[in-house]
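Notes follow the structure.
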2 protein chains.
Amino acid sequence: MGVRNASRGPGRPAVPTGAPPTLADVAERAGVSRQTVSNAVNNPDLLRADTLQRVQQAIAELGYLPNRAARNLRTRSSHLIGLRISAAQEGTANATMDRFVHSLVETSRDAGYHVLLFAGEADDPLSGYDDLLRSTAVDAFVVTDTYLGNPQAGWLGSRRAPFVAFGRPWDAPEAHHPWVDVDGAAGCELATRHLLERGHQRVAWIGWRKDSPIGEDRREGWRRALHAQGLSSAGLAARVDDTVTSGAQASAALLDDAAPTGFVCASDTLAMGVLQTLAARGLTPGRDVAVVGFDDSQVAQVVTPGLTSVRQPLEQVAIEIVSALEGLLGHPPRVGDGVLLTPTLAVRGSS
Amino acid sequence: MGVRNASRGPGRPAVPTGAPPTLADVAERAGVSRQTVSNAVNNPDLLRADTLQRVQQAIAELGYLPNRAARNLRTRSSHLIGLRISAAQEGTANATMDRFVHSLVETSRDAGYHVLLFAGEADDPLSGYDDLLRSTAVDAFVVTDTYLGNPQAGWLGSRRAPFVAFGRPWDAPEAHHPWVDVDGAAGCELATRHLLERGHQRVAWIGWRKDSPIGEDRREGWRRALHAQGLSSAGLAARVDDTVTSGAQASAALLDDAAPTGFVCASDTLAMGVLQTLAARGLTPGRDVAVVGFDDSQVAQVVTPGLTSVRQPLEQVAIEIVSALEGLLGHPPRVGDGVLLTPTLAVRGSS
DNA sequence: GCTTCTGCTTGGATCGATCAAGAGCACCGG
DNA sequence: CCGGTGCTCTTGATCGATCCAAGCAGAAGC
């Protein structure tokens with residue numbers, strides 16, 4: 001310390017030059033011990049008022065901020081939250097993810113955390129997690145792709161790694177890790193009711209194949225809304241791949257066979273297919289046939305009449321997730337339950 | 001150490017339980033000193049072959065990975081790269097950013113770095129940077145929004161903070177920090193030439209207002225392509241805000257006044273406006289009038305005939321950026337020049 | 001046989017923070 | 001006058017890795 005302090009006396013300007021100031025530098029300037037400075041930062045209540053102010057002034061003058069690495073080492077926590085971004089899938093789900101990441105970063109900041117992004121091997125859903133965990137690089141994870149029936153949740157659980165899932169544990173309903181999800185069924189019920197209220201009697205469904213629990217859940221919302229009005233859902237549904245072409249084909253077939261006046265879709269991508277079919281047949285979306293998508297993506301906003309779409313409350317999702325994380329990382333840890341949020345409907349020209 | 005080692009003898013199973021193994025644990029198990037283990041990890045060449053193998057086996061058996069915090073503290077580097085994500089702007093630029101982040105994360109991983117996301121106050125372009133810098137939380141930054149004439153570059157430079165910019169220093173051409181950018185002019189020249197080759201003689205431009213250097217740069221590419229063919233660009237250009245409506249209005253006016261048969265736009269958003277106008281007039285994109293956008297966003301891919309669009313080589317951008325970062329952080333630091341990459345054209349139904 | 005030279009290995013110090021325990025002081029009741 | 005009780009602040013140890021300089025072999029040279 002001697003050498004160091006000799007080179008940075010109290011007369012030193014506050015403008016940062018060379019190495020950043022350390023706790024010891026602040027201590028010397030304020031004429032107190034290191035521990036007192038540490039307390040001033042972490043437990044201000046312990047100090048006498050005048051001492052606290054003296055230390056705080058020294059901190060301000062030197063522009064001191066605790067060294068993360070040192071603090072992390074001592075406290076065994078990094079205040080980082082790991083988020084694995086999946087392989088670049090150029091689908092509309094992408095945009096959702098982007099909005100979510102934004103929200104997560106901002107919410108985390110307010111809670112004193114930063115988000116660490118990482119990528120893994122495409123074929124191994126677990127890669128990346130293990131290294132970060134063993135090297136104590138992150139305090140916890142946010143897991144997003146729970147829908148693949150993928151082993152992350154169980155694996156992380158067995159390692160006692162703190163994590164919160166965005167998405168229900170579809171495969172294992174009895175799982176007792178915290179999760180936050182959006183109620184897709186409620187969203188589609190909302191969308192369907194919206195069309196029914198506008199006078200539509202025959203509202204069709206275009207969703208994903210049966211092996212997708214999310215798709216089945218959303219479909220259930222559509223069915224529920226119809227049945228609540230005493231309407232039949234028979235013959236009004238299609239289950240296809242999540243592509244524009246599939247949506248176009250499915251809607252063409254449904255128009256021919258069942259003559260629906262409205263479509264509720266499991267995704268904006270499928271809805272775009274419907275719009276394509278309508279255009280090809282000279283039908284005007286919103287006037288002749290109503291269309292509702294899901295995700296409120298970029299596309300829904302810029303497409304010509306505007307696409308009505310179910311919008312996930314991702315800001316709220318982020319808030320709930322961070323709240324759950326704070327619980328997990330608190331002392332003592334508090335393990336919350338699952339949280340299910342209700343989406344809203346962004347109404348545009350297509351309905 | 002004594003207590004700790006007593007509780008985790010050599011017979012310890014490899015399955016992680018409780019605290020992760022430390023370098024000292026590995027050393028004891030392999031019957032060597034800590035430094036030898038450290039060398040086995042960081043400078044394997046220094047060890048005799050049989051010793052190295054013994055150590056590596058111990059590492060594998062214990063599942064040892066160096067503690068990040070401890071390593072960071074000692075080496076004064078975190079192997080983290082900071083990336084500030086701008087306020088959630090729901091524009092097509094969003095999608096570009098998303099693709100870029102993906103690429104950056106993957107490329108960084110291969111170079112041994114992770115990406116730390118952070119947010120700042122919306123009104124202060126510098127907030128967030130300072131804290132991370134002073135707390136030595138990141139080794140370097142990637143700066144993305146250089147177009148606002150914003151002070152980040154200069155500020156970071158004056159603090160001697162290592163950073164690489166995605167985007168040219170438009171305001172300060174003589175700036176000597178490393179940057180990587182995409183040649184917008186070349187992209188638009190490519191797009192325009194593409195239309196000219198398809199027989200179009202009158203190709204119009206719809207771009208941003210004059211205060212955007214990026215917009216002017218892209219416009220220059222369009223102009224260059226026309227002039228190269230001895231064609232005039234007079235009366236064929238509009239400068240408007242980056243919205244669908246503006247694009248629609250501008251294209252309508254241009255169609256009335258100058259009867260172009262093709263449009264090159266500064267963004268996919270504007271191009272969507274053109275498509276809207278064409279639809280309203282009963283014109284078929286691609287057959288009657290050609291349209292080219294910029295960014296190859298989600299929208300370009302799912303819109304009905306498919307929107308031809310200039311695609312930025314973001315994967316390559318990420319590679320160049322990480323390479324520049326490695327230079328900056330190397331010993332001795334190597335400061336590279338600016339790198340300008342040429343985009344490609346994703347041809348679809350609209351042309 | 002003794003010295004010198006590599007080359008691997010070793011204990012100790014260090015990075016900058018926090019934890020745990022102790023020391024100095026004023027104030028209180030006995 | 002003394003021991004106890006807070007309150008405030010200080011000292012020494014510690015987290016787990018890497019840097020440093022010294023130690024200790026074995027091989028080569030005289």
Side-chain angles (χ1 to χ4, degrees), chain A residues 1-5 8 18-55 58-59 62-79 134-137 139 331, chain B residues 1-5 8 18-55 58-59 62-79 134-137 139 331:
Chain A
M1 270 316 126
V3 175
R4 169 153 209 170
N5 286 338
R8 34 171 71 209
T22 73
L23 192 127
D25 296 325
V26 176
E28 201 209 9
R29 188 183 186 102
V32 296
S33 70
R34 302 185 318 261
Q35 182 61 30
T36 301
V37 179
S38 177
N39 284 337
V41 174
N42 300 308
N43 300 85
D45 302 344
L46 295 180
L47 300 199
R48 212 171 46 206
D50 62 332
T51 310
L52 176 60
Q53 194 190 338
R54 199 151 36 99
V55 174
I59 288 178
L62 291 174
Y64 168 77
L65 225 58
N67 180 305
R68 289 256 187 183
R71 172 178 276 183
N72 294 349
L73 174 59
R74 195 60 177 98
T75 64
R76 300 171 166 285
S77 74
S78 62
H79 279 241
R134 295 215 315 270
S135 64
T136 62
D139 288 352
H331 299 290
Chain B
M1 271 313 124
V3 175
R4 169 151 211 175
N5 287 337
R8 36 170 70 209
T22 73
L23 190 128
D25 296 325
V26 176
E28 199 208 11
R29 189 183 186 101
V32 296
S33 70
R34 302 188 314 259
Q35 179 64 22
T36 303
V37 178
S38 178
N39 284 336
V41 174
N42 300 309
N43 301 84
D45 302 344
L46 295 180
L47 299 200
R48 211 168 46 207
D50 61 332
T51 310
L52 177 59
Q53 193 190 339
R54 201 151 35 98
V55 175
I59 288 177
L62 290 174
Y64 168 77
L65 224 58
N67 179 305
R68 276 281 221 294
R71 171 178 279 184
N72 293 350
L73 175 59
R74 196 60 179 96
T75 64
R76 301 170 167 284
S77 76
S78 63
H79 279 241
R134 293 216 315 271
S135 64
T136 62
D139 289 351
H331 299 289

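Nothing here was measured: the structure is a model prediction, and the numbers come from that model. So you know, we letter chains A, B, ... as the sequences are listed, proteins then strands, and number each from 1. Heavy atoms only: backbone and side chains are in, while hydrogens, waters and symmetry mates are out.
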In this structure, CZ of B:Arg71 is separated from CG of B:Asn42 (nearest 0.5 Å) by 5.0 Å
Can you tell which of C:dA13, D:dT10, C:dT9 lies closest to the side chain of B:Arg34?
-> C:dA13
One would report the end-axis bend of the helix from C:dG1-D:dC30 to C:dG30-D:dC1, five pairs per end and rounded to 10 degrees, as 60°
Would you confirm whether A:Thr136, through its side chain, and B:Asn67, through its main-chain N or O, come within 3.5 Å as a donor-acceptor pair?
-> no
Name the nucleic acid region contacted by A:Asn42, choosing base, sugar-phosphate or nothing; use a 4.0 angstrom heavy-atom cut-off, strictly under.
-> sugar-phosphate
Rounded off to whole Å, could you give me the CD-to-P distance for the A:Glu28 and D:dC9 pair?
-> 18 Å
Most 5' of A:Leu23 and B:Val32 on DNA chain C, judged by nearest nucleotide = B:Val32
Quick one: is A:Ser38 getting a side-chain N or O under 4.0 Å of the C:dT18 phosphate, OP1 or OP2?
-> yes
Looking only at side-chain atoms of B:Pro66, point me to the closest of D:dG16, D:dT8, D:dA17.
-> D:dA17
Think B:Ser33 has a side-chain N or O under 4.0 angstrom from the OP1 or OP2 of C:dT10?
-> yes
Does the side chain of A:Thr75 get closer than 4.0 angstrom to OP1 or OP2 of C:dA17 through an N or O atom?
-> no
Nearest-0.5 Å distance that lies between atom NE2 in B:His79 and atom CG in B:Asn72 | 7.5 Å
Which nucleotide in the set C:dT18, D:dC20, D:dA17 lies at the smallest distance from any side-chain heavy atom of B:Thr22?
-> D:dA17
Using whole Å, report how far CD of A:Gln35 lies from P of C:dA23.
-> 16 Å
Under 3.5 Å donor-acceptor, A:Arg134 side chain and B:Gly63 backbone | yes
Starting from P on D:dA25, measure out to CG on B:Leu46 and report it in whole angstrom.
-> 20 Å
Under 4.0 angstrom between B:Thr36 side-chain N/O and C:dT10 OP1 or OP2 | yes
Nearest-angstrom distance from the residue atom CG of B:Asn67 to P of D:dC15 = 12 Å
In whole Å, what is the span from the NE2 atom of A:His79 to the P atom of C:dT18?
-> 11 Å
How far does CD of B:Gln35 sit from CG of B:Asn43, to the nearest 0.5 angstrom?
-> 9.0 Å
To the nearest 0.5 Å, what is the distance between CZ (A:Arg68) and OG1 (A:Thr75)?
-> 10.5 Å
Say you draw a straight line from CG of B:Leu47 to OG1 of B:Thr36; how long is it, rounded to the nearest 0.5 Å?
-> 6.5 Å
Atom pair CZ/OG1 of B:Arg54 and B:Thr51 - distance to nearest 0.5 Å = 5.0 Å
Closest-nucleotide 5' rank along DNA chain C - winner of B:Leu73 and B:Asp45 = B:Asp45
Specify the residue among B:Arg74 and A:Leu47 whose closest nucleotide of DNA chain D lies further upstream toward the 5′ end.
-> A:Leu47
Protein-nucleotide distance (A:Asn39, atom CG; C:dA17, atom P), rounded to Å = 14 Å
Tell me: CZ of A:Arg48 to P of D:dT10, nearest whole Å?
-> 10 Å
Between B:Arg76 (CZ) and D:dG16 (P), how many Å, whole number?
-> 20 Å
